[in-house]
Structure formats: C-alpha cells, structure tokens
Amino acid sequence: MRKASRITKVKRSPGRGLTPRQKRELEALAALPDDQIDTSDIPELPPGAWKDAVRGRFYRPVKQAVSMRLDADVVAWLKKRGKGYQTRVNSILRQTMMTDIKRT
C-alpha cells in the first residue's frame, strides 16, 4: 500500500528592493572605467579553470505552444522512435534554422 504524500505549498514573495544607498553605489560603480574598479579581493582563477567550460549549457529557450497540421506519414515517422516526437520536430527545425542563418 502506498503512503499518502503530503504536499506543502510555499508562497514566495518578491525580495526586498535595493536601498537608495545601494542604488547610488551601483550607479557610481557603473560610471567607473573597468581599470579603476578594485578587484584585488577576488582571487585569480588558475589557467585551466575554463578548459572544460561550455557556453550556454544551462540555457533553455522559451517554449511556445503551437498547433500544426502535418502529413500523417510525417507524424508516423516522427513517432516511430517512441516518446519525444515533439522534441525531435523542434530539433529538426532548429537545425534547419541554424543552417539557413549561417547561409545568409
């Protein structure tokens, strides 16, 4: 027999805004040229720290629900590999889009 699960709802409230003093400090920092900002308290990274870095690894584009009419054989071909046919459609369209963008 399964245990009854307990669901706890947490209501989040937006964080406090910046104080006027904090806003002034940020504006003053933004006005400074980069070479005048003191970064001595930030440790240097070792040379190999970024060797395995991947740009955009956690980027997830915003999804938009759409309705499309596709030929039945195309849908059957997409679904024959199992679940995830919509992801496959997106991947195929993205690959085509990127190829087109590079061409133009």
Side-chain angles (χ1 to χ4, degrees):
M1 180 154 62
R2 288 178 63 178
K3 275 187 174 181
S5 63
R6 233 172 57 175
I7 298 174
T8 304
K9 291 187 179 183
V10 177
K11 187 174 182 179
R12 293 184 349 174
S13 59
R16 291 177 292 178
L18 296 175
T19 65
R21 178 179 176 219
Q22 291 170 326
K23 288 180 184 178
R24 283 193 308 273
E25 288 177 0
L26 286 174
E27 288 168 1
L29 263 179
L32 281 176
D34 287 346
D35 62 345
Q36 290 186 7
I37 297 174
D38 179 19
T39 58
S40 61
D41 60 336
I42 303 170
E44 289 282 331
L45 289 174
W50 295 100
K51 72 179 177 83
D52 295 324
V54 178
R55 184 178 291 228
R57 180 176 179 187
F58 298 106
Y59 170 72
R60 297 288 183 254
V62 175
K63 301 289 185 179
Q64 180 178 357
V66 297
S67 176
M68 295 176 27
R69 298 185 62 79
L70 302 172
D71 295 336
D73 58 337
V74 172
V75 175
W77 175 76
L78 289 164
K79 286 185 173 183
K80 79 178 178 184
R81 290 188 186 165
K83 289 186 176 183
Y85 78 96
Q86 291 173 325
T87 302
R88 282 191 289 282
V89 169
N90 191 69
S91 178
I92 292 166
L93 290 173
R94 176 166 295 285
Q95 188 177 18
T96 304
M97 178 188 76
M98 297 307 288
T99 302
D100 186 60
I101 289 172
K102 287 179 184 175
R103 213 177 325 139
T104 57

Let me confirm one number: the [atom1]-[atom2] distance from [X] to [Y], rounded to the nearest 0.5 Å.
| X | Y | atom1 | atom2 | value |
| --- | --- | --- | --- | --- |
| Q86 | K83 | CD | NZ | 12.0 Å |
| W77 | L70 | CH2 | CG | 11.5 Å |
| E27 | Q22 | CD | CD | 12.0 Å |
| M98 | R103 | CE | CZ | 13.0 Å |

Closest approach of R57 and R60, non-hydrogen atoms and distance?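 Of all heavy-atom pairs spanning R57 and R60, the closest is O-NH1, 3.6 Å.
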
Which atom of K79 lies closest to which atom of R88, heavy atoms considered: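 For K79 and R88, the tightest heavy-atom pair comes out as CA-NH2, 4.3 Å.
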
Exam field: side chain S91 to backbone T87, donor-acceptor pair closer than 3.5 Å: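 No: the side chain of S91 does not pair with the backbone of T87.
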
When clusters are formed by joining ILVMFWY residues with side-chain heavy atoms under 4.5 Å apart, either directly or through shared neighbours, do [X] and [Y] land in the same one?
| X | Y | result |
| --- | --- | --- |
| I101 | L93 | no |
| V66 | M97 | no |
| L18 | L29 | no |
| M68 | V75 | yes |

Taking atom CD as the centre, does Q95 end up with more than 12 heavy-atom neighbours from other residues, nucleotides or ligands that are less than 6.0 angstrom away?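 It does not: Q95 CD has 12 such atoms or fewer within range.
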
Would you find more than 12 non-hydrogen atoms of other residues, nucleotides or ligands less than 6.0 Å from D34 atom CG?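 Count not over threshold, so no.
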
Do N90 and K63 make a side-chain contact, defined as non-hydrogen atoms from C-beta onward lying under 4.5 Å apart?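 Yes, close enough: below the 4.5 Å cut-off.
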
Kindly write out the residues that satisfy salt bridge (charged side-chain N to carboxylate O under 4.0 Å, His left out) with R21, not counting sequence neighbours, or none if the list is empty.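 Per chain and number, R21 pairs via salt bridge (charged side-chain N to carboxylate O under 4.0 Å, His left out) with E25.
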
Exercise answer: donor-acceptor pairs, residues 36-43 side-chain atoms, under 3.5 Å, sequence neighbours excluded:
unit_1: D38; atom_1: OD1; unit_2: S40; atom_2: N; d: 3.0
unit_1: D38; atom_1: OD1; unit_2: S40; atom_2: OG; d: 2.8
unit_1: D38; atom_1: OD2; unit_2: S40; atom_2: OG; d: 3.4

